[in-house]
There are 2 protein chains.
Amino acid sequence: MKRNSRLSSTLHILVHMADAPDRALTSEQLAGFIHTNPVVVRRTIAGLREAGIVTSSRGHGGGWQLGRAPDRISLAEISAALGETLLPFSTEPESPGCLVEQAVIAVLDDFRLEAERLLAERLSHITLADLTADFRRRYDLIGISSHAV
Amino acid sequence: MKRNSRLSSTLHILVHMADAPDRALTSEQLAGFIHTNPVVVRRTIAGLREAGIVTSSRGHGGGWQLGRAPDRISLAEISAALGETLLPFSTEPESPGCLVEQAVIAVLDDFRLEAERLLAERLSHITLADLTADFRRRYDLIGISSHAV
DNA sequence: CTTCATGTAACTTAATTAGTTACGAATGGC
DNA sequence: GCCATTCGTAACTAATTAAGTTACATGAAG
């Protein structure tokens, strides 16, 4: 799993879970999808469990399942549950007392606040169901073209 | 200089340059403002020179100056010249051929495209002149309150 | 009571970036 | 011409962060 791909890797995993709603998938299986380690998976999606996006169970037949219907799980919630920041830049003071820095940070924080609100709003309209629908569309297309050839 | 503070550090530097339009500031002086090394400064703002945002000159009296008026330098240009990404997540394929991944990346890239357009648009309306104005406002306020006490 | 699975701590490894040293190339003052 | 100054850049070191790994305790199912 690459450095900044926690969101896409997690979505990948979740779509697989949405695609097998009847059974629990183990961290080992999930790790296989994104070519990583079961422990990394458990660590990564631990926050999703706390947010109710997924549930986990131990022992025989245990593993991971969605906590609710895919159309009620938005990318905004997923991103937040992963603890991801939507904007990459920091605005922590490094020279407290410097008025130039204060001005810079004030403007940047204003922008950040507005931007994060905007991005979260947009992400809240994209659900896991949209992703699985897109996946199925691709799946059907491949099926058709395979027949055609 | 902290890890994700390249944008705010660069803005800090640029406001100082805008505040001294008559003379060139050396990388050493600029480094002092953000508590780092002259070489780090030169490296960081090298891209701004290529973008025409700043100019540099060597030798006696050399150093850095703004390449044009502060009200014609937007945060969008600065951010771009720094090579900063506006969104932090990666969408590079790690399992080429996996339809689930393709669906995830397609949706995420759509979002990214739209989001980057939006953020850049907003950043293009904030100029260095806005930052210096904010700085001067703070400066005057402190002056007044100092007098009052 | 054995097997399978998660939960989590602790450690190792890899990648990235800041910081540093060093030196070459311009530039301007004398 | 020569020297001080300043950038440009390469090469190296150090610090930080996140992934990967190992190990083991906990709990559930048969």
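Below, read A as the first sequence line, B as the second, and so on, with proteins coming before strands; counting in each chain starts at 1. For clarity, every value in this text was computed on a predicted model and none was experimentally measured.
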A:Thr26, nearest nucleotide to its side chain (from C:dA18, C:dT6, D:dT21): C:dT6
Could you check which of D:dA18, C:dA18, C:dT8 has an atom nearest any side-chain atom of B:Val40? C:dA18
Reckon B:Ser27 has a side-chain N or O less than 4.0 Å from the OP1 or OP2 of D:dC7? yes
Side chain of A:His60: nearest nucleotide among C:dT21, C:dC4, D:dT16? C:dC4
In this structure, would A:Leu118 and A:Ile78 fall into the same cluster of hydrophobic residues linked by side-chain contacts under 4.5 Å? no
Would you say CD of A:Glu116 has more than 12 non-hydrogen atoms from neighbouring residues, nucleotides or ligands within 6.0 angstrom? yes
Looking across every strand, which nucleic acid part, if any, lies under 4.0 Å from A:Gly63 by heavy atom: base, sugar-phosphate, or nothing? sugar-phosphate
Should A:Ser56 be listed as having a side-chain N or O under 4.0 Å from OP1 or OP2 of C:dA5? no
For the side chain of A:Val39, starting at C-beta, report the closest nucleotide among D:dT5, C:dA18, D:dT21. D:dT21
Within the modelled atom types, does a donor on one side and an acceptor on the other bring the side chain of A:Arg43 and the base of C:dT8 under 3.5 Å apart? no
Is there a side-chain polar atom (N or O) of B:Thr36 under 4.0 Å from OP1 or OP2 of C:dG19? yes
For the atom pair CG (B:Asp109) and OG (A:Ser8), what is the distance rounded to the nearest 0.5 Å? 9.5 Å
Can a cation-pi geometry be assigned to A:Arg122 and B:Phe111, taking NZ or CZ under 6.0 Å from the six-membered ring centre and within 45° of the ring axis? no
Separation of atom CD1 in B:Ile34 from atom P in C:dT17, rounded to whole Å: 16 Å
Between A:Gly59 and A:His35, which is nearer to the 5' end of DNA chain D once each is assigned its nearest nucleotide? A:His35
When you measure from the side chain of A:Trp64, which nucleotide among D:dA29, C:dT6, D:dT5 comes out closest? C:dT6
Measure the distance from CE on B:Met1 to P on C:dT20 and round it to the nearest whole Å. 12 Å
If the threshold is 4.0 Å, N to carboxylate O, is there a salt bridge linking B:Arg138 and B:Asp134? yes
Rounded off to whole Å, could you give me the CZ-to-P distance for the B:Arg58 and C:dA26 pair? 6 Å
B:Leu25 atom CG is separated from D:dC7 atom C1', nearest whole Å, by 14 Å
Report the distance from atom CG of B:Asn4 to atom P of C:dA18, rounded to the nearest whole Å. 9 Å
Nearest-Å distance for atom pair CG/P, residues A:Leu30 and D:dA19: 16 Å
B:Arg42 atom CZ is separated from C:dA18 atom P, nearest whole Å, by 16 Å
Spacing between A:Arg6 atom CZ and D:dG20 atom C1', to the nearest angstrom: 14 Å
